[in-house]
Number of protein chains: 2
Amino acid sequence: MRSNEPDATELALCAVFPTDLTMLLHAAAERMTDELDLAAVQMGLNDVRDWLVLAALDDGRPRTQLELSRVVCVDKTTLISVLDRLEKHELVVRSVDPADRRVRIPQITPTGRKVYAKFAIARDAAEAHALDGVDQADRALLLSLLARIADRQEATLSST
Amino acid sequence: MRSNEPDATELALCAVFPTDLTMLLHAAAERMTDELDLAAVQMGLNDVRDWLVLAALDDGRPRTQLELSRVVCVDKTTLISVLDRLEKHELVVRSVDPADRRVRIPQITPTGRKVYAKFAIARDAAEAHALDGVDQADRALLLSLLARIADRQEATLSST
DNA sequence: TTCGGATCGTCCGGGTCCAGACGATCCGAA
DNA sequence: TTCGGATCGTCTGGACCCGGACGATCCGAA
């Protein structure tokens, strides 16, 4: 029950760390994920990694599992369980590369493509909702700054 | 060794999902966290939760563990292990509220304050680095949009 | 005072994650 | 051809996370 202290404790971390970039990034990502996870489970996907992998596969470009794990930033061992689940639901198939029988090429199936398309609609709606009332220029700026932050670290990492 | 395929596979997920808000939020948060985790470990903290808790305690406002767990968005059971670790390193102490012996009031110690201050410098440097070259107005816009996204969902949640 | 329900911090069980080890396979050198 | 090192996907051990249950404590009603 929240009848005792309805809003006193509800001050989210934004109230405590109003200007901390990292905190805000986390909180915002969390909020979006929560909303999308809800949509994802409704159509049989498990969590953010499922549709993340599906999204990466949706462009049809062949990738090995290792490449895929790097692209979506999921540990290769964890990726196995994701692919196992998706394959069980017949959303992807793993085919062996005839040129190199060590590697598996996960591919999205027509069913998988359909599920992902349906999910993409929900995703776009959620993102549009989150940015409701923000004009186009500001949205573009937000996205570009985020992309800049996301990419920046590659330089600092490779300097080791 | 990255001598074989140095940059071919390095195209991060921004290249795959250039316009997806949620993805970018995740990636950006991840990058910042990676950088800050590095700084945190160097001064004896464990991961993002440690300095998150420390940051919340640094304002000196007394909070119960339950309140604290809500503020920093950490499960109350997980918070216990965080506090155990911080207390072992003498960065915080748990004192019993004399008015209600059920509750514990975690408080930051002078040592903890010192460690956090040191970390805060590294954090500010990392964030300044991430936004290097972005003018003040754009930074403010970024922060406000992130805060907006982070807070937005409370409304949609409480509507249930 | 006594007592039942509510709330605090903590503990336990099942599930998940990831570093490291492993077999299978490729490829270049001899 | 043969062989040693490198790389692929998979498996496994130990650590972590969190929902639910627990004892301790508070507080209002009788």
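In what follows, every heavy atom counts, from backbone to side chain, and hydrogens, waters and symmetry copies are set aside. A note on names: the letters A, B, ... follow the listed sequences, proteins ahead of strands, and every chain is numbered from 1.
As a whole-Å value, the separation of A:I105 CD1 from D:dT7 C1' is 14 Å. The interatomic distance linking B:E87 (CD) with C:dG9 (P) rounds to 13 Å, in whole Å. In this structure, the CG atom of B:D34 is 12 Å from the P atom of C:dC18, given to the nearest Å. Rounded to whole Å, atom P of C:dA19 lies 14 Å from atom CG of A:L79. Counting to the nearest Å, the P atom of D:dC16 and the CG atom of A:D75 are 16 Å from each other. Per the geometry, CG belonging to B:D100 stands 12 Å off P belonging to C:dT7, to the nearest Å. Rounded to an integer number of Å, the gap from CD of A:Q65 to C1' of D:dT7 is 13 Å. Atom CZ in B:R94 sits about 16 Å away from atom C1' in D:dA24, given to the nearest Å.
Of the possible polar contacts, none joining the A:R104 side chain to the A:T64 backbone as a donor-acceptor pair under 3.5 Å is found. A donor-acceptor pair is defined here as one N or O able to donate and one able to accept, closer than 3.5 Å; such a pair exists between the side chain of B:D50 and the backbone of B:N46.
Remark: D:dC27 base-pairs with C:dG4. Criterion, Watson-Crick or G-U wobble with two distances under 3.5 Å. Applying the Watson-Crick and G-U wobble criteria (two distances, each under 3.5 Å), D:dC11 pairs with C:dG20. Across all strands shown, D:dG20 is found opposite C:dC11 as a Watson-Crick or G-U wobble partner, with both distances under 3.5 Å.
Comparing A:V74 and A:P98, the nucleotide of DNA chain C nearest to each residue sits closer to the 5' end for A:V74. In this structure, B:L83 and A:S81 both approach DNA chain C, and ranking their closest nucleotides by distance from the 5' end singles out B:L83.
If you check C:dG20, D:dC17, C:dT25 against the side chain of B:D47, the one that comes closest is D:dC17.
Here the side chains of A:K76 and A:L68 are not in contact, with every heavy-atom distance at 4.5 Å or above.
Look at B:R49 and you'll find a side-chain N or O under 4.0 angstrom from OP1 or OP2 of D:dC17. Dashed line: the shortest gap from a side-chain N or O of A:R101 to OP1 or OP2 of C:dC26 is under 4.0 Å. Side-chain nitrogen and oxygen atoms of B:T78 include none within less than 4.0 Å of the OP1 or OP2 phosphate oxygen of D:dC17.
Inspection of the A:Q107 and A:R94 side chains reveals no N or O donor paired with an N or O acceptor under 3.5 Å.
Across all strands, B:I80 comes closer than 4.0 Å to base atoms (heavy-atom distances).
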Side chain to side chain contact (heavy atoms under 4.5 Å, CB included) between B:D47 and B:V41, intermediate numbers included: CA-CA 7 Å; B:D47 69 357; B:V41 207; over 6 Å; no
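Contact of B:R102 with C:dT7 (side chain to base): a donor-acceptor pair of N or O atoms is detected under 3.5 Å.
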